[in-house]
Amino acid sequence: MKAIAIVDANNFYVSCERLFNPRLRDQATVVLSNNDGCIVSRSNEAKEMKISMGVPLFQVSKIIEQNGVHVLSSNYELYGDMSHRMMEVLETCSPEVERYSIDEAFISLEADDSQGVEELGRAIRAKIHRHVGIPVSIGIAATKTLAKVAGHHAKVLPGLDGVFDLTPASIQVPVLRNTPVEEVWGIGWRWARKLKTAGILTAFDLREARESWIRSNMSIVGLRLARELRGIPCHTLNTCPVPRRAINSTRSFGQMVDSKDELKAAVASFVARAAEKLRREKMVAGAITVFVRTNKFHEDEEQFSGSVTLQLAPMTCITNEIQEIAFKALDSLFRQGLRYKKAGVMLTGLVPANLIPQPLWEAEKSERLRAVMGKVDRLNQRFGRETVQCGQFHSEGKWRMKLDSRSPRYTTRWDELLKVVC
DNA sequence: TCTGGGGTCCTAGGACCC
DNA sequence: TCTGGGGTCCTAGGACCC
């Protein structure tokens, strides 16, 4: 029998921090988003204190102080590296691995005479724990959506020890009846609200709902979802990474920004980051969107949110060339007298760099520029982001984000290696 | 005072063409 | 200048995910 499994790391960011700081084990710990704004990962102890996912830090500061919860800024370099290690182990366990997010992968499992899918799942869980040290939950079923349901149960039901096999037909109905509809993968709060009004309260109700109703209220997306709950696969495994369609770089500012120069500096830095990603993927972009917005939480201030898209012709991956167009977009977007909280850029129309024709007379120039960019990227990779900067920059500025309590990047920086003191 | 970032997919509507 | 259906392409916006 062949099945799909979802392998999902438990409290991933907190688990990564605990690997290198064992004092955090058994202690309530949370990890924050960029700018130290929101809670994005919680240990089980923190979850028990009713600290919700995604809440702003200041709203739970009382709980955190009263209980001595450990609070860490996010350390994406560390989490990215641990994620990579986990995926490498998975690739030794299954011929088909889809890296779904930083802490999750879908894999195929094939049972044989000696081992059922559940035993396979348990072996994988043990191997990841042994080689990487991160605890995972594994849900197994015939479709991705059912596997996610199984994975959720594997995580929260203590008796299952982290692995739940939902392939036996006999248990599917009771399990789906016990799954609130808002916990189904693909159902967000808006659809959940709509479904509840229509009397669809559980995953089972959604599975049994009329297809015509689903189609007209939730589009083809909802229809696929309902079929997946019935065991009809609509989402296959994507084992080779699909080419990216867009690259973003956006940030909320540490403090509000009102000057155009400072906004320009922020946009220049976002373009630099996005262009670096673009070159790493060996692609060029055909268009750039720049957006700015005020602080939507300050309801008493004048609000503005706008974006401008401009073509990049010829297509390019050169930071300075993209910055030039981005500044034009910003010029037409900027309004004096507003206080901005967030800005960003999005590169779209991405094409592999080797597929676009180069005009002969441009070839030499673009070759030279690309070589320069390559050197800049290598220097920044080696000595840290923004060691070498392109175009206009203020290295400091109100827009820079806060990261007050980041742990060392133990596995990717020589000077931040874990020190053992005897 | 403080409120994340980076993605994907789908649909509706407008512009344009035949 | 208006009439109309059908097709494509593009963009904005909405919904979702982690």
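Per chain, numbering begins at 1; letters A, B, ... match sequence-line order.
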Have a look at A:Leu32 and say if it touches a base, only the backbone sugar-phosphate, or nothing, with a 4.0 Å heavy-atom cut-off. nothing
A:Glu91 with A:Arg99: basic N within carboxylate O range, under 4.0 Å: yes
Taking atom CZ of A:Arg23 as the centre, report whether more than 12 heavy atoms of other residues, nucleotides or ligands fall under 6.0 Å from it. no
Just wondering, are more than 12 heavy atoms of other shown residues or ligands nearer than 6.0 Å to NZ in A:Lys375? no
Nearest-angstrom distance from the residue atom CG of A:Asn11 to C1' of C:dC18: 14 Å
Evaluate whether the aromatic ring of A:Phe297 and the six-membered ring of the B:dT3 base sit under 5.5 Å apart, centre to centre, with an inclination under 30°. yes
Rounded to whole Å, the CD1-P distance (A:Ile102 to C:dC17) equals 19 Å
With a non-hydrogen cut-off below 4.0 angstrom, is A:Ser249 in contact with a base, only sugar-phosphate, or nothing? sugar-phosphate
Within a 6.0 Å radius of atom CG on A:Asn238, are there more than 12 heavy atoms belonging to other residues, nucleotides or ligands? yes
Would you say a side-chain N or O of A:Lys277 is under 4.0 Å from OP1 or OP2 of B:dG5? no
What nucleotide, of C:dA15, C:dC18, B:dG5, holds the atom closest to the side chain of A:Arg190? C:dA15
Measure from CG on A:Asn248 to C1' on B:dG4 and round the result to the nearest Å. 13 Å
On DNA chain B, more 5' by nearest nucleotide between A:Cys38 and A:Val221 is A:Cys38
Counting just side-chain N and O atoms, does A:Arg251 come under 4.0 Å of either OP1 or OP2 of B:dG6? yes
Check every strand shown and say whether A:Val184 touches a base, only sugar-phosphate, or nothing at a heavy-atom separation below 4.0 Å. sugar-phosphate
Suppose you measure atom C1' in B:dC17 against the same atom in C:dG4; what distance do you get, rounded to whole Å? 14 Å
Report the nucleotide, chosen from C:dC18, B:dT11, C:dA12, that has the shortest atom-to-atom distance to any side-chain atom of A:Thr309. C:dA12
Under a 3.5 Å limit on both distances, the Watson-Crick or wobble mate of B:dC18 is C:dG5
So which one's nearest nucleotide on DNA chain B is more toward 5', A:Lys342 or A:Arg224? A:Lys342
Is the distance from OP1 or OP2 of B:dG6 to the nearest side-chain N or O of A:Thr250 less than 4.0 Å? yes
Take the protein atom CZ of A:Arg339 and the nucleotide atom P of B:dT1, then report the distance between them rounded to whole Å. 11 Å
Between A:Ser252 and B:dG5, is there a side-chain N or O to OP1/OP2 distance below 4.0 Å? yes
A:Arg245 side chain N/O closer than 4.0 Å to the phosphate oxygens (OP1, OP2) of B:dG7? no
Could you tell me the separation between the CZ atom of A:Phe253 and the C1' atom of B:dT1, rounded to a whole number of Å? 18 Å
A:Phe253 six-ring centre to A:Lys341 NZ/CZ under 6.0 Å and within 45° of normal: no
When you compare B:dC2 with C:dA15, how far apart are their P atoms, in angstrom units rounded to a whole number? 28 Å
Distance in angstrom units between A:Glu183 CD and C:dC18 C1', rounded: 16 Å
Is A:Lys341 touching bases, backbone alone, or none of the nucleic acid, heavy atoms closer than 4.0 Å? sugar-phosphate
Can you see whether A:Phe327 has A:Lys264 sitting over its ring - NZ or CZ less than 6.0 Å from the centre and within 45° of the normal? yes
Nearest listed nucleotide, side chain of A:Gln59, among B:dC10, C:dC18, B:dT3: B:dT3
Nucleotide B:dG5, atom P - distance to CG of A:Leu347 in whole Å: 17 Å
Counting any heavy atom closer than 4.0 Å, what does A:Ile187 reach on the DNA or RNA strands: base, sugar-phosphate only, or nothing? sugar-phosphate
Nearest-angstrom distance from the residue atom CG of A:Asn238 to P of C:dC18: 16 Å
Students often get this wrong, so: under 4.0 angstrom with heavy atoms, is A:Lys148 touching a base, only sugar-phosphate, or nothing? sugar-phosphate
Around atom NZ of A:Lys296, are there more than 12 heavy atoms of other residues, nucleotides or ligands at under 6.0 Å? no
For a quick check of understanding: with a heavy-atom distance under 4.0 Å over all strands, which category does A:Arg215 fall into, base, sugar-phosphate or nothing? sugar-phosphate
Which of B:dT3, B:dC2, C:dC16 is nearest the side chain of A:His298? It is B:dC2
